[in-house]
Amino acid sequence: SRMLSWPFRVWWSILFFLFFDYPTPLSIHSIIMAAPGSKLALRAVVSGATGATGRCLVPELLKSPSFSEVTVIGRKRLTIDPAFEVNQSKEESGGRLKQVIVNFDDVTAENGVDHFKGRDVYFCCLGTTRRKAGSAEGFRKIDLDLVVKLAESARAADVPHTSLVSSMGADANSYLLYTQTKGEADDTVAKMGFAHTSIWRPGFLIRRGASSFERWFTWLLFGTYTETLARAMLTDAVKSAEQRASWPAGEEEKLVRHFSTPTILQLAEFRE
């Protein structure tokens with residue numbers, strides 16, 4: 001049924017972005033065909049791994065032959081859903097999955113660098129709501145201050161690619177706290193000078209394990225499945241690494257790309 005609904009979701013998403021003046025979706029061909037496939041051994045860092053998107057992204061990375069190591073940094077350990085068919089115990093004992101427990105209140109842009117040294121891509125899946133954070137200040141502390149602080153650490157460690165989960169409608173000039181904060185974070189990270197900056201602006205996230213009603217209702221609001229977003233992020237990371245490998249020495253670029261729902265849906269269809 002999901003496959004049958006895909007064309008309709010794309011159609012409604014396109015109409016939505018036209019009315020809300022969203023950035024033009026990227027050419028999928030330019031991403032998928034950016035460089036010929038090659039053997040990769042990418043090392044990734046993921047923050048927000050216990051959240052809606054992160055808990056789908058980590059197992060996707062571990063199932064990919066292009067990733068040799070995945071480091072999760074967070075306040076608590078991630079337990080991978082057995083439905084993903086990833087042997088977490090084996091991945092951890094073999095050193096392919098590493099979990100680093102940190103107190104984010106103590107992390108600074110300077111002392112966080114060690115978590116990112118030698119890594120190829122940083123996936124930021126951090127995010128909360130004002131209700132969960134308890135206040136507007138608490139919300140901004142996570143969705144802006146912490147997001148920026150960890151991105152600065154990744155940049156200082158010379159990580160070439162950062163991939164940030166943002167939100168539909170993110171705009172630093174918005175009058176709404178949520179979209180304004182997301183927009184401020186996007187703009188700040190985009191100016192840091194990573195070789196590749198990927199900013200993901202999906203619709204409302206349809207979380208894994210949500211009830212049938214929740215999934216249906218969120219779908220009507222141009223929702224994006226968290227599994228779909230995770231697969232799109234994986235594809236982008238692999239193809240961006242292949243693209244960087246093809247750049248002539250001394251001619252590296254600084255590319256910032258924004259991904260909205262139509263592009264996310266198409267990227268997610270690609271398989272290694």
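Because only heavy atoms are used, hydrogens play no part in the values below, and waters and symmetry mates are left out as well, while side chains stay in.
Partners of D187 by salt bridge (Lys or Arg N to Asp or Glu O under 4.0 Å), not counting sequence neighbours: none found. Applying the side-chain hydrogen bond (donor to acceptor under 3.5 Å, both in side chains) test to Q88 and every residue at least two apart in sequence or in another chain returns nothing. For K98, there are no salt bridge (Lys or Arg N to Asp or Glu O under 4.0 Å) partners at least two apart in sequence or on another chain. Here Y122 pairs with F116 under the ring-ring contact (aromatic ring centres under 6.0 Å, His included) rule; sequence neighbours left out. When the ring-ring contact (aromatic ring centres under 6.0 Å, His included) test is applied to F104, no partner is found at least two apart in sequence or on another chain. Taking the salt bridge (Lys or Arg N to Asp or Glu O under 4.0 Å) definition, one finds that R130 meets it with nothing, sequence neighbours left out. Contacts of K117 classified as side-chain contact (heavy atoms from CB on, under 4.5 Å), with partners at least two apart in sequence or in another chain: V113, D114, A157. The side-chain hydrogen bond (donor to acceptor under 3.5 Å, both in side chains) test applied to S153 returns no partner, not counting sequence neighbours. In this structure, D145 has no salt bridge (Lys or Arg N to Asp or Glu O under 4.0 Å) partners at least two apart in sequence or on a different chain. Applying the side-chain contact (heavy atoms from CB on, under 4.5 Å) test to A241 and every residue at least two apart in sequence or in another chain returns L40, L42, R244. With sequence neighbours excluded, the residues satisfying side-chain contact (heavy atoms from CB on, under 4.5 Å) with D106 are N103.
A donor-acceptor pair is defined here as one N or O able to donate and one able to accept, closer than 3.5 Å; such a pair exists between the side chain of S68 and the backbone of A41. Although no hydrogens or angles enter the test, the distance criterion places a donor-acceptor pair under 3.5 Å between the side chain of S246 and the main chain of Q243. At least one donor-acceptor pair under 3.5 Å links the side chain of R55 to the backbone N or O of T50. Using modelled atom types, one side-chain atom of T188 and one backbone atom of E184 make a donor-acceptor pair closer than 3.5 Å. Formation of a donor-acceptor pair under 3.5 Å by the R155 side chain with backbone atoms of G193 is found in this model. Side-chain atoms of S174 do not come within 3.5 Å of backbone N or O of A170 as any donor-acceptor pair. Panel note: side chain T129, backbone K132; a donor-acceptor pair is recorded below 3.5 Å. Judged by distance alone, the side chain of Q180 and the main-chain N or O of N173 form no donor-acceptor pair under 3.5 Å. Remark: the backbone N or O of L62 is paired with a side-chain donor or acceptor of R96 at under 3.5 angstrom.
Of all heavy-atom pairs between A190 and I199, the closest is CB-CD1, 4.2 Å. Across all their heavy atoms, L126 and S47 have their closest contact at CG-OG, 3.6 Å. Taking each heavy atom of T261 and G203 in turn, the nearest pair found is OG1-N, 3.2 Å.
Across M233, R257, M168, a single residue satisfies side chain to side chain contact (heavy atoms under 4.5 Å, CB included) together with W200, and that is M233. Tested against F123 for a side chain to side chain contact (heavy atoms under 4.5 Å, CB included), the candidates L61, V70, L164 yield a single pass: L61. Each of H258, R201, K191 was scored for a side chain to side chain donor-acceptor pair (under 3.5 Å) with D186, with one residue passing: R201.
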Step-by-step side-chain hydrogen bond (donor to acceptor under 3.5 Å, both in side chains) determination, D171 to T179: CA-CA 6 Å; D171 183 351; T179 50; over 6 Å; no
Stepwise side chain to side chain contact (heavy atoms under 4.5 Å, CB included) test for K141 and L146: CA-CA 6 Å; K141 182 178 180 180; L146 183 56; over 6 Å; no
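Residues in residues 125-167 take part in these ring pair (Phe, Tyr, Trp, His ring centres under 6.0 Å) pairs, two or more places apart or across chains: F139-Y178, H161-H196.
D143 and T181 are not linked by any side-chain donor-acceptor pair at a separation below 3.5 angstrom, with hydrogens and angles left out of the test.
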